[in-house]
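Source: prediction; values computed, not measured. What you see below is based on every heavy atom in this structure, not just the backbone, and it leaves out hydrogens, waters and symmetry mates.
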Amino acid sequence: MTVTIKTDEQQRARHLAAMRHSAAHVLAAAMLDLMPDAKLAIGPAIDTGFYYDFDLPRTLTPEDLDALNRRMRRIIKQKQVFQHSTMPVDEAKSFFLERNQPYKVELIEDLEREASVAEVSLYQNGDFIDLCEGPHVANTGAVGAFKLLRTAGAYWRGDENRQQLQRVYGTAWETKDDLNAYLKFLEEAERRDHRRLGRELDLFSFSEDIGPGLVVWHAKGGHVRSTMEDYWRESHRAGGYEFIYTPHIGKASLWQTSGHLNWFSDNMYAPVEIDEQQYYLKPMNCPFHIQVYKSRTRSYRELPLRYTEAGTVYRYERSGVLHGLLRARGFTQDDAHLFCRPDQMDSELTRVLQFCLGILDTYGFKDLELELSTWERGETTKYAGEAQDWELAEAGLVKALDELDLSYKRMAGEAAFYGPKVDIKIVDVLGRPWQLSTIQFDFWLPQAFGLEYIGEDGSARRPFMIHRALYGSIERFFGILLEHYGGAFPVWLAPVQVVIIPIADRHNEYAQQVAATLSEAGVLVDVDTRSERMNAKIRDAQLQKVPYMAVVGDREIDDGAVNVRLRTGENCGALQVAEFSARVQDRAQSRSEAL
RNA sequence: GCCCAGGUAGCUCAGUCGGCAGAGCAGCGGUUUUGUAAACCGCAGGUUGUGGGUUCGAAUCCCACCCUGGGCUCCA
């Protein structure tokens with residue numbers, strides 16, 4: 001799961017970064033050419049190219065991008081040499097001040113203050129001089145293939161209270177072929193966009209009348225979801241979990257105790273008042289699950305307790321961050337809370353981690369990134385719970401990760417104040433990482449709610465509590481899955497598994513008979529009896545990404561067969577109905593990706 | 001929330017300078033009865049996101065709001 005980069009690959013990566021960063025300088029030079037009043041902020045290389053942030057006298061238009069593209073090409077043609085030089089800090093400050101570049105002055109002042117540097121590094125190409133650490137390629141001619149993609153808003157230093165700048169994004173590659181391949185990849189990503197597929201495959205939608213960030217599941221999407229939930233239920237039952245159900249709202253005092261009103265209220269919907277009591281829509285399930293635990297005295301004998309619920313939560317998200325199913329305001333967590341004794345912790349962690357990975361594997365997610373977020377030792381005031389608990393929990397997580405031979409990234413200081421955690425992420429087709437599963441210790445809630453169990457010696461003890469979500473959000477998981485498969489769900493998830501395509505009307509009756517047979521066997525089947533040509537029916541089934549198309553005509557009726565075409569385009573020829581039915585059932589039951 | 005770009009039929013989009021709101025696909029009706037990715041003909045479909053303003057006249061210009069997209073910030 002970790003990538004070992006060979007030395008020459010590292011060198012190539014460094015060269016690519018230098019090239020992209022050089023492209024950013026060329027962009028800045030072109031911008032000053034176009035708008036001499038432009039104030040420059042920063043222009044780093046990024047994963048697929050580069051950007052540069054500008055403070056400009058007016059808004060950029062698409063035509064400006066074209067003009068910048070042309071000017072950049074001219075600069076590249078001129079093969080201007082990148083010259084490195086240094087300048088004492090004071091001189092550099094007045095240099096950039098004279099040139100009306102306040103952001104550069106601020107950067108120098110920060111360097112002076114934070115790194116106490118005496119002189120700064122500059123790079124010059126043509127007339128353009130920029131504060132820059134480098135490295136760069138030799139001259140602008142070595143910048144390679146690039147394209148400016150879009151403009152966007154960005155804050156100076158990422159701080160929304162500061163000046164908003166205009167960011168120009170570009171992509172840059174060593175060769176024209178690499179560039180074209182990347183542009184093709186972007187097109188493909190657009191085709192696989194879950195929002196687009198959601199509409200085309202009639203899976204879900206959003207309604208202006210309902211509100212932004214609130215998902216409406218259509219029949220087909222609902223079918224996929226319920227299949228996912230069936231699998232969730234089945235696996236959790238086998239995994240020793242117990243199913244609970246809790247309400248959608250709870251009293252203000254509950255959220256006061258849990259601490260959510262203190263540290264999560266920005267993300268909570270405003271309260272509703274009922275009988276002079278304030279109730280909040282739940283942004284998390286934990287306080288409710290805790291109530292189940294607390295409903296009676298617990299004995300050490302009944303631990304571990306594993307409660308799970310597909311609980312729909314609502315969180316206020318700022319309007320600009322909503323993104324289809326991947327970032328919604330209402331979503332369903334497949335939440336579980338594990339309550340265990342200290343001596344059970346290690347085995348519980350290994351068990352829950354293994355459980356998560358097994359299920360993700362079924363969905364075809366093989367490439368995962370694991371992150372272990374830990375506390376900062378000694379900074380005890382920033383964290384709830386006892387130092388020894390933190391150490392124990394971290395050791396338990398490490399042990400579980402090691403036992404399963406998993407590689408992970410250690411994120412020191414990234415833990416929440418209430419406990420360390422392991423997050424499992426996948427990277428989507430656009431290269432964006434999304435968090436799926438999370439396994440989090442919580443030292444705060446058991447303390448806040450005074451959770452206890454009676455130990456062997458009759459004294460009250462505090463249980464460990466672990467939050468665990470596997471899909472994370474069912475909506476998000478579904479969205480990622482949709483993009484992952486490009487809408488072509490494996491048989492077990494497909495909302496329609498088979499479309500029967502009668503060639504002419506006289507074959508409709510036989511088609512219906514076959515459909516009834518398949519349907520009785522539990523296969524999800526449609527018959528396309530429209531008065532269309534077979535080719536049109538195949539095309540439509542193909543576009544709907546139905547796994548199997550079963551063509552029936554005179555020959556098939558004579559043989560009691562169906563002529564099977566897969567959505568891959570492969571033609572399987574005539575199969576006996578029973579044979580075909582068995583094949584579909586086998587693929588569905590094994591949850592295989594094969595057709 | 002902020003910056004920018006958008007919102008025209010179910011979908012994708014056109015609509016010039018302010019002068020009768022259009023096309024393709026989907027839908028519906030008919031004709032056709034088809035052998036592995038789009039048959040043909042016809043019909044219907046609109047509060048031009050919503051509300052206000054300017055104007056003889058607004059899809060088009062102005063204002064406010066709603067929603068969507070690209071980012072920033074934040075997160076499952």
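When rounded to the nearest whole Å, the span between CG of A/Leu148 and P of B/G71 equals 15 Å. We find that CD1 of A/Ile557 is positioned 13 Å from C1' of B/U33, with the value rounded to whole Å. Atom NE2 in A/His194 sits about 13 Å away from atom C1' in B/U68, given to the nearest Å. Residue A/Asn267 contributes atom CG, which lies 13 Å from atom P of B/G1 at whole-angstrom precision. Atom CZ of A/Arg329 and atom C1' of B/G1 are 10 Å apart (whole Å). Per the geometry, CZ belonging to A/Arg191 stands 16 Å off P belonging to B/U12, to the nearest Å. Regarding A/Arg199, its CZ atom lies at a distance of 17 Å from the P atom of B/A26, rounded to whole Å.
A side-chain donor from one of A/His218 and A/Ser205 sits under 3.5 Å from a side-chain acceptor of the other.
Evaluation of atom-type donor-acceptor distances gives no pair under 3.5 Å for the side chain of A/Tyr155 against the base of B/C3. No donor-acceptor contact under 3.5 Å links the side chain of A/Gln440 to the base of B/A76. The base of B/C74 sits with one of its N or O atoms less than 3.5 Å from a complementary donor or acceptor on the side chain of A/Arg327.
Listed nucleotides B/A76, B/U73, B/C11 differ in distance to A/Arg476; the shortest reach to its side chain belongs to B/A76.
Ring-to-base geometry does not place A/Tyr169 in a stacked arrangement with B/G71 (centre distance under 5.5 Å, plane angle under 30° required).
Between A/Tyr52 and A/His25, the ring-plane angle classifies as perpendicular under the 30° and 60° cut-offs. A/Phe477 and A/Tyr471 have tilted rings, their planes meeting at an angle from 30° to 60° on a 0 to 90° scale. By the 30° and 60° cut-offs, the orientation of the rings of A/His194 relative to A/His323 is tilted.
The side-chain contact (heavy atoms from CB on, under 4.5 Å) with A/Arg315 is formed by just one residue from the set A/Lys282, A/Met284, A/Arg327, A/Arg329; it is A/Met284.
Ionic pairing of A/Asp159 and A/Arg157 is not present here: no N-O contact between side-chain nitrogen and carboxylate oxygen is shorter than 4.0 angstrom.
By the ring-ring contact (aromatic ring centres under 6.0 Å, His included) test, A/Phe50 is found to be paired with no residue, residues two or more places apart in sequence or in another chain being considered.
Using a 4.0 Å heavy-atom cutoff across all strands shown, A/Glu475 reaches no nucleic acid atom at all.
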Protein proximity profile, nucleotides 34-44 of chain B - base contact B, sugar-phosphate-only contact S, no contact -, cut-off 4.0 Å on heavy atoms: BBBBBB-----
